[in-house]
Amino acid sequence: MAEINSDINKAKALLDADNLIGFPTETVYGLAGNSLKAEVVSKIFEVKNRPHFDPLILHSYSLEAISQYVKEIPDKAKLLAKAFWPGPLTILLERNNKIPDLTCSGLERAAFRIPKHPKALSLLKILDYPLAAPSANPFGYISPTNSQHVQQQLGDKIPFILEGEISEVGIESTIVGFENEETIIYRLGGLEVDKIEKIIGKVKVLPHSSSKPNAPGMLKSHYAPRKNIILGDIEELIKQKDEIKLGVLSFSKSYKDVVMSLVLSESKNMHEAAKNLFSHLRKLDESNVDLIITEKVPSEGLGKAINDRLQRAAVKE
Ligand code: TXA
Ligand code: MG
């Protein structure tokens with residue numbers, strides 16, 4: 001079992017000695033280690049059981065600190081950084097050779113983020129290196145939004161989890177990058193597309209899934225719980241599946257006559273819905289239901305990222 005503790009100096013000592021730790025952020029918890037050492041990064045892939053073609057995000061505390069590791073910072077990136085960092089936005093930038101290939105899976109760009117979580121920021125400020133941190137879940141499973149989730153899934157593989165309470169945003173960061181003159185969204189996430197467009201104009205959201213994903217958050221079966229999950233019209237599905245022990249994850253309305261009914265946001269608040277999404281999915285997955293049924297939320301604001309996660313959770317291999 002990992003020690004769960006809010007002492008950033010203890011976290012620093014462990015990281016400086018090349019250990020991995022659980023690391024709170026406002027989006028989801030990360031599995032963090034020194035991004036500049038290939039042998040540490042290699043442990044991250046191993047502990048997560050993550051394929052090496054899926055690169056990691058580097059977490060830092062300032063744009064100035066990040067500038068040591070990149071060739072240049074385009075003006076649009078500067079504008080986005082100014083508007084949204086610290087926050088749930090990851091920006092792809094051309095890296096220099098201080099970052100090992102393994103961290104970025106050999107790609108020319110590296111992904112950077114300044115998280116908004118106060119504990120995460122205080123820790124990053126006292127470290128001499130950015131932290132590579134994928135979400136702290138086994139590859140392909142639901143991302144963790146509190147320290148207990150990390151303990152349950154990776155607690156026997158890491159010595160320490162930095163306590164940081166619940167992740168306020170609840171879904172992973174939005175990933176942006178620049179190709180020629182275009183701004184591309186590679187993963188919908190905790191920062192709404194319309195907010196990005198207000199700062200730098202139209203962006204292109206890449207459609208999901210391909211055999212060679214640009215950002216493997218795009219792999220279709222990502223975020224899947226172990227139980228089967230069907231996305232559709234909940235009332236219809238309840239009628240069709242009346243022989244089965246059902247769990248329901250709905251947007252705003254709760255359902256009777258099912259084994260478990262969890263609501264994302266009674267008041268239809270998208271931020272609340274995003275915050276609840278992964279922990280509710282996890283509760284349903286851990287319950288005794290035989291099938292999870294769910295529905296899309298309105299496709300506005302964070303609703304787009306929520307639907308993206310639900311759609312992928314519902315795909316079965
Ligand atoms: O909110 C978040 O982004 C969380 C917290 C811990 O910061 N992290 C996170 O990491 O979601 P992860 O590893 O679960 O997802 C990172 C995504 C992956 O799909 C990865 O492929 C993509 O970012 N990515 C990382 N570096 C990239 C790069 N150089 N080019 C394209 N995609 C990249
Ligand atoms: Mg992940």
Side-chain angles (χ1 to χ4, degrees), residues 20-33 35 41 44-45 47-60 69-70 84-95 99-117 119-121 123-124 130-145 149-150 153-154 161-162 164 167-179 184-191 206 208-210 212-224 274 277-278 302 305 308-309 312-313:
L20 307 183
I21 65 161
F23 164 73
T25 87
E26 81 282 24
T27 58
V28 300
Y29 273 63
L31 171 67
S35 63
V41 171
I44 296 180
F45 284 96
V47 165
K48 261 195 76 116
N49 199 10
R50 177 176 175 123
H52 285 94
F53 63 75
D54 190 359
L56 307 178
I57 297 175
L58 290 94
H59 297 71
S60 183
Y69 306 105
V70 299
F84 304 118
W85 275 351
L89 173 71
T90 292
I91 305 180
L92 301 183
L93 298 169
E94 255 191 81
R95 67 184 168 117
I99 304 172
D101 280 347
L102 189 60
T103 309
C104 312
S105 304
L107 299 170
E108 278 171 25
R109 291 183 298 184
F112 290 92
R113 183 163 103 78
I114 302 181
K116 195 167 187 181
H117 193 289
K119 273 275 156 197
L121 269 179
L123 172 62
L124 290 166
L131 284 179
S135 50
N137 49 290
F139 185 70
Y141 194 65
I142 304 165
S143 298
T145 51
H149 296 159
V150 183
Q153 294 190 307
L154 300 178
I161 301 165
L162 184 63
S167 297
E168 282 300 318
V169 175
I171 49 177
E172 300 87 347
S173 59
T174 301
I175 301 181
V176 307
F178 312 95
E179 292 180 25
I184 316 272
I185 306 274
Y186 297 95
R187 176 176 75 183
L188 293 168
L191 178 66
L206 273 197
H208 286 156
S209 171
S210 62
K212 256 182 140 186
N214 248 318
M218 304 182 96
L219 287 175
K220 261 208 166 165
S221 64
H222 231 71
Y223 312 105
L277 177 68
F278 287 144
L302 290 183
D308 165 76
R309 303 302 188 271
R312 272 186 260 169

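Counting starts at 1 for both ligands and their atoms, following the listed order. Computed from a predicted model, the values in this text were never measured in an experiment.
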Lys116 versus Pro88: any side-chain heavy-atom pair under 4.5 Å?
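In short, these two side chains do not touch, never coming nearer than 4.5 Å.
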When you compare the side chain of Leu123 with that of Leu131, does any pair of heavy atoms fall below 4.5 Å?
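Of all side-chain heavy-atom pairs linking Leu123 with Leu131, at least one is under 4.5 Å.
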Donor on one side chain, acceptor on other, Ser143 and Glu172, under 3.5 Å
yes
Is a side-chain donor-acceptor pair under 3.5 Å present for Arg113 with Thr27?
yes
For ligand 1, find out whether one of its N or O atoms is nearer than 3.5 Å to an N or O atom of Tyr29.
no
Proximal candidate to [atom] [heavy atom criterion; set [options]]:
atom	options	value
atom 9 (C) of ligand 1	Ser135, Gly189, Pro144	Ser135
atom 23 (O) of ligand 1	Val28, Ile175, Leu191, Asp54	Ile175
atom 15 (O) of ligand 1	Glu172, Arg109, Arg187	Arg187

Please could you name the atoms of ligand 1 that [X] approaches to less than 4.0 Å, counting only its heavy atoms?
X	value
Ser173	1 (O), 2 (C), 3 (O)
His59	5 (C), 6 (C), 7 (O)
Leu107	28 (C), 29 (N), 30 (N)

Mark the output for [X] as yes if a heavy-atom distance to ligand 1 is under 4.0 Å, and as no if none is.
X	result
Ala133	yes
Arg50	yes
Arg95	no

Side chain, backbone, both or neither: which part of Leu92 has a heavy atom under 4.0 Å from ligand 1?
side chain
Donor-acceptor pair, Ser105 side chain versus His52 backbone, under 3.5 Å?
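Checking the backbone N and O of His52 against the side chain of Ser105, a donor-acceptor pair under 3.5 Å is found.
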Please confirm whether the backbone N or O of Ile91 pairs with a side-chain atom of Arg109, one donor and one acceptor, at under 3.5 Å?
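Not a single qualifying donor-acceptor pair exists.
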Taking ring pair (Phe, Tyr, Trp, His ring centres under 6.0 Å) as the test, write out the residues that go with Phe178, two or more places apart.
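Testing Phe178 for ring pair (Phe, Tyr, Trp, His ring centres under 6.0 Å), a comparison that skips the adjacent residues, returns none.
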Give a yes/no answer: is there an N/O/S atom of Ser135 under 2.8 Å from the Mg ion (ligand 2)?
yes
In terms of relative ring orientation, are Phe23 and His59 parallel, tilted or perpendicular, with 30° and 60° separating the classes?
perpendicular
